[in-house]
Amino acid sequence: QVQLVESGGGVVQAGGSLKLSCAVSGGTFQTYRMGWFRQTPGKEREFVASISPVYLNTDYSDSVRGRFTTSRDAFKNTVYLQLNDLKPDDTAVYFCAAKTMYGVNYEYWGQGTQVTVSS
C-alpha cells in the first residue's frame, strides 16, 4: 500500500517561491521514479518534473526548466519540488506520483496540494 502525501502549497506573490514535499510510505521508495504534475480546471494534467532513483537523473518541462528543481531524500522517503520565480500561470494543484522500476505509467499518486500565484 503505497501512499504519497503532498504538502507545502499555498498562496504566493508572483516572483516568490514555495517548496513542496511529497512523503512516500509503503513500497520501495528507492526504486521509484518520482514525478510532479499539475492540473488546473478545464486543462489536462501536465508533466512538471521527475527524478530517477539512485542516479538522480532529472527531467523538466520547458515551462519550468530553470525555475523549478526537484530532489529526493532517500533517508526521509521524500521528494521535493522547489518552485522559484513563480508566475500566475503556475497556479494549479500539484501532484506527486511514483513510477515503479519497469513501469510505463505513474502508478501511485498523491492527493495534490494547491499552489496559487497572485499577480
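Positions are given from 1, in the same order as the sequence printed here. Just the heavy atoms: all of them, side chains too, but no hydrogens, waters or symmetry mates, feed the values below.
In this structure, Trp109 and Phe37 have tilted ring planes: the angle between them lies in the 30° to 60° band. Between Tyr32 and Tyr108, the ring planes lie tilted relative to each other; the angle falls in the 30° to 60° range.
Considering only residues two or more places apart in sequence or on other chains, Asn84 meets the side chain to side chain donor-acceptor pair (under 3.5 Å) condition with Ser17, Gln82. Residues passing the side chain to side chain donor-acceptor pair (under 3.5 Å) test with Asn105, sequence neighbours excluded: none. Legend: residues meeting side chain to side chain donor-acceptor pair (under 3.5 Å) with Ser52, ordered by chain and number and at least two apart, are Asn57.
Looking at Asp90 and Leu83, their side chains never come closer than 4.5 Å, going by heavy atoms from C-beta outward.
A side-chain contact (heavy atoms from CB on, under 4.5 Å) with Arg33 is found for exactly one of Ile51, Val79, Asp59, namely Asp59.
Within the 3.5 Å criterion, the main-chain N or O of Tyr80 finds a donor-acceptor partner in the side chain of Thr70. In terms of modelled atom types and a separation under 3.5 Å, the side chain of Thr116 and the main chain of Val11 share no donor-acceptor contact. Looking only at distances, no side-chain donor or acceptor of Gln1 sits under 3.5 Å from a matching main-chain atom of Gly26. Arg45 places no side-chain N or O within donor-acceptor distance of the main-chain N or O of Arg38, the cut-off being under 3.5 Å. Between the side chain of Thr78 and the main chain of Lys76, a donor-acceptor pair closer than 3.5 Å is present. Gln13 contributes no side-chain N or O that, together with a main-chain N or O of Val117, makes up a donor-acceptor pair within less than 3.5 Å.
With respect to the salt-bridge test (charged N to carboxylate O, under 4.0 angstrom), the residues Arg65 and Asp62 qualify.
Remark: Arg72 is positioned above the aromatic ring of Phe29, its terminal NZ or CZ atom under 6.0 angstrom from the ring centre and at most 45 degrees off the axis.
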